[in-house]
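By convention here, the first residue in the shown sequence is residue 1.
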Amino acid sequence: MKEKELRFFSVEENSKPSPKKEAKEVELTGTISAFGKLVFPSKTVEQLDVNPETASFKIATQAGKRKIKSLFLIPVAEGGSDTFKMEQTGRGYCIPLALILQNNGVDFSKSKFTFTVKPFEYGDTNGFELQIEDQAPKPEYTGKPRGRKKKVVEAAE
């Protein structure tokens, strides 16, 4: 009997090619607290590649503008008198800027502000631009009324 030609299969032929996932550009966000702090969630800090315990920033805004639309954070190797440091809060980190924000038209006590973080180049260093998004008024409290029920006074006719 004549020997038959055999074609052998490989393991790769039996496995389905996995769809290649495109690297999505994750939008880095943060908020401005009611006390005037720039709050960065821990996920945002991780993706910024910054060590929050030792990071110092110079903070600026665009010259000639009356109201702040965006803030610029430029990392500085050595902390000086004009640098701001990150402080740890709950689940993330913050930079207190209450007076600066208040004096430049950001009323954080009445409205909730959010910002998106985008990298930008400043000279030979890479900084971060925080674009402050339009204010959204704080929602009214719609929970259950607490305490004793108010008595309804009927008008005498």
Give a yes or no on whether [X] and [Y] share a hydrophobic cluster (residues Ile, Leu, Val, Met, Phe, Trp, Tyr; joining criterion: side-chain heavy atoms under 4.5 Å apart).
| X | Y | value |
| --- | --- | --- |
| Ile74 | Leu38 | no |
| Val39 | Val106 | no |
| Tyr122 | Val117 | no |
| Leu48 | Ile32 | yes |

Atom of [X], atom of [Y] and distance for their closest heavy-atom approach:
| X | Y | value |
| --- | --- | --- |
| Pro41 | Gly30 | CD-CA, 4.0 Å |
| Ile68 | Ile132 | CG2-CD1, 3.7 Å |
| Phe40 | Val45 | CB-CG2, 3.6 Å |
| Lys85 | Ile95 | O-CG1, 4.1 Å |
| Phe113 | Asp107 | CE1-O, 3.4 Å |

Practice problem: With the side chain counted from C-beta on, respond yes when Pro96 and Glu87 share a heavy-atom pair under 4.5 Å apart, and no when they do not. | Solution: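 Answer yes - side chains close enough.
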Is the backbone N or O of [Y] less than 3.5 Å from a side-chain atom of [X], with the two atoms forming a donor-acceptor pair by type?
| X | Y | answer |
| --- | --- | --- |
| Thr61 | Ser70 | yes |
| Ser33 | Phe35 | yes |
| Thr114 | Glu133 | no |

Self-check item: Residues Gln62, Lys69; criterion side-chain contact (heavy atoms from CB on, under 4.5 Å); working and verdict
Solution: CA-CA 8 Å; Gln62 214 169 0; Lys69 301 248 180 180; over 6 Å; no
Quiz item: Do Phe108 and Gln102 pass the side-chain contact (heavy atoms from CB on, under 4.5 Å) test, and can you show the C-alpha distance, the side-chain angles, and the key distance before you say yes or no?
Solution: CA-CA 8 Å; Phe108 49 82; Gln102 206 169 31; 4.3 Å; yes
Practice problem: Nearest 0.5 Å please: distance from the CG atom of Leu101 over to the OG atom of Ser109. | Solution: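 Answer for the CG-OG pair, Leu101 versus Ser109, is 11.5 Å.
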Exercise. Quick one: pull up OG1 in Thr89 and NZ in Lys37 and give me the separation to the nearest 0.5 Å.
Key: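 The OG1 atom of Thr89 sits 7.0 Å away from the NZ atom of Lys37.
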Quiz item: Do Phe120 and Phe72 have their ring centres less than 6.0 Å from each other?
Solution: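 Centroid distance Phe120-Phe72: below 6.0 Å, so yes.
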Quiz item: CG of Asn51: more than 12 outside heavy atoms within 6.0 angstrom?
Solution: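 For Asn51, atom CG is crowded (more than 12 foreign heavy atoms under 6.0 Å).
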Quiz prompt | Stepwise side-chain contact (heavy atoms from CB on, under 4.5 Å) check, Thr116 with Leu28 | solution = CA-CA 6 Å; Thr116 56; Leu28 304 176; over 6 Å; no
Quiz item: Can you list the steps and then say if Leu97 with Phe84 is a side-chain contact (heavy atoms from CB on, under 4.5 Å)?
Solution: CA-CA 9 Å; Leu97 291 177; Phe84 297 87; 3.6 Å; yes
Exercise. Would you check if there is a donor-acceptor pair between the side chains of Tyr93 and Glu53 at a distance under 3.5 Å?
Key: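 Yes, Tyr93 and Glu53 have a side-chain donor paired with an acceptor closer than 3.5 Å.
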